[in-house]
Amino acid sequence: MKKTILSMTLIVSVLSAMKTSAQTSAIATANASAQVVTPIAITTGNHLNFGLVAPSAAAGTVVVATDGSRSFTGGASQLPGTGTVSAATFNVTGETGYSYAITLPADVTLTNGGGQTLVVNNFVSAPNGTGLLTAGAQTLEVGATLELVANSTAGSYSSLTPFSVTVNYN
């Protein structure tokens, strides 16, 4: 009987000790990870060039489309030789399959160094607004409109600072 009482006391003591040392906290673990994508980048291919243009007594425009074609309105006209005509091109690179937003300038001022200026505006791009990086790259083409004022002074006009085209991942 002493053995039974001693056994019972021992069992009650063990159970009691287990109950009083019940778990009051718990620990779990997790892993951390990140996927670093290729940064988006843009480099200049070709510069925007309106070529040779003849002014008149009336204002006009010269439009260079994204495909490099050119059209004239109003008092602006084409000369027999075109000169160098090109849409601006940019090489966009980054993570394959990602889309990106395109931001174009509002306008750019060209000067001939003698104080006369012309304005370039209505910038357009192909792709338009957003692009998609296929195989991690895409060519971005940019055209615009040259506002030719009446009786523009002859000369070579260019921007004093390059215009900016911005691309950002969507």
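Under the 3.5 Å distance criterion, with hydrogens and angles disregarded, a donor-acceptor pair is assigned to the side chains of T73 and T61.
In plain terms, the two heavy atoms of G51 and V85 that are nearest each other are CA-CG2, 3.9 Å. Of all the heavy atoms in A57 and A150, the pair that sits closest is O-CB, 3.1 Å. Here the shortest heavy-atom pairing between V165 and L140 reads CG1-CD2, 3.7 Å.
Two residues are said to be in side-chain contact when any heavy atoms from C-beta on lie closer than 4.5 Å; L118 and L146 meet this criterion. With contacts defined as side-chain heavy-atom distances shorter than 4.5 Å, the pair V53/L79 does not qualify. Inter-residue side-chain proximity for T153 and N112 is flagged as met; some heavy-atom pair is nearer than 4.5 Å. Side chains of S69 and V64 form no contact here, defined as non-hydrogen atoms less than 4.5 Å apart.
The aromatic rings of F163 and F90 lie perpendicular to each other, with more than 60° between the two planes, well past the 30° mark.
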When you look at F50 and Y157, which way does the ring-ring contact (aromatic ring centres under 6.0 Å, His included) test go after all the steps? CA-CA 10 Å; F50 291 92; Y157 289 77; over 10 Å; no
Take Y169 and Y100 through the test ring-ring contact (aromatic ring centres under 6.0 Å, His included) and record every step on the way to the result. CA-CA 4 Å; Y169 279 132; Y100 61 93; 8.0 Å; no
Apply side-chain hydrogen bond (donor to acceptor under 3.5 Å, both in side chains) to the pair N121 and T145, showing each step before the final yes or no. CA-CA 5 Å; N121 55 26; T145 301; 4.6 Å; no
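Here the straight-line distance linking atom CZ of R70 with atom OG of S86 works out to 10.5 Å at 0.5 Å rounding. Atoms CG and OG, from L148 and S56 in turn, are 7.5 Å apart once rounded to the nearest 0.5 Å. For the atom pair CG of D107 and OG of S159, the computed distance is 12.0 Å after rounding to the nearest 0.5 Å. Separation of atoms CG (N46) and OG1 (T84) is listed at 10.5 Å; rounding is to 0.5 Å. We find the CG-CD distance between N91 and Q138 to be 10.5 Å, quoted to the nearest 0.5 Å.
Using a distance-only test at 3.5 Å, with no hydrogens or angles considered, no donor-acceptor pair links the side chain of S152 to the main chain of P55. Side-chain atoms of T38 never come within 3.5 Å of backbone atoms of G94 as a donor-acceptor pair (strictly under, hydrogens ignored). The closest donor-acceptor contact from the side chain of T66 to the backbone of V124 lies at 3.5 Å or more, if one exists at all.
Hydrophobic clustering places F72 together with L110 (ILVMFWY residues linked when any side-chain heavy atoms are closer than 4.5 Å, directly or through intermediates). Under the 4.5 Å side-chain heavy-atom criterion for ILVMFWY residues, a single connected hydrophobic cluster contains both I42 and I40.
Considering V62, T109, L48 as possible partners of V120, the one that fulfils the side chain to side chain contact (heavy atoms under 4.5 Å, CB included) test is L48. The side chain to side chain contact (heavy atoms under 4.5 Å, CB included) test with V92 singles out one residue from V167, T139, L132, and that residue is V167.
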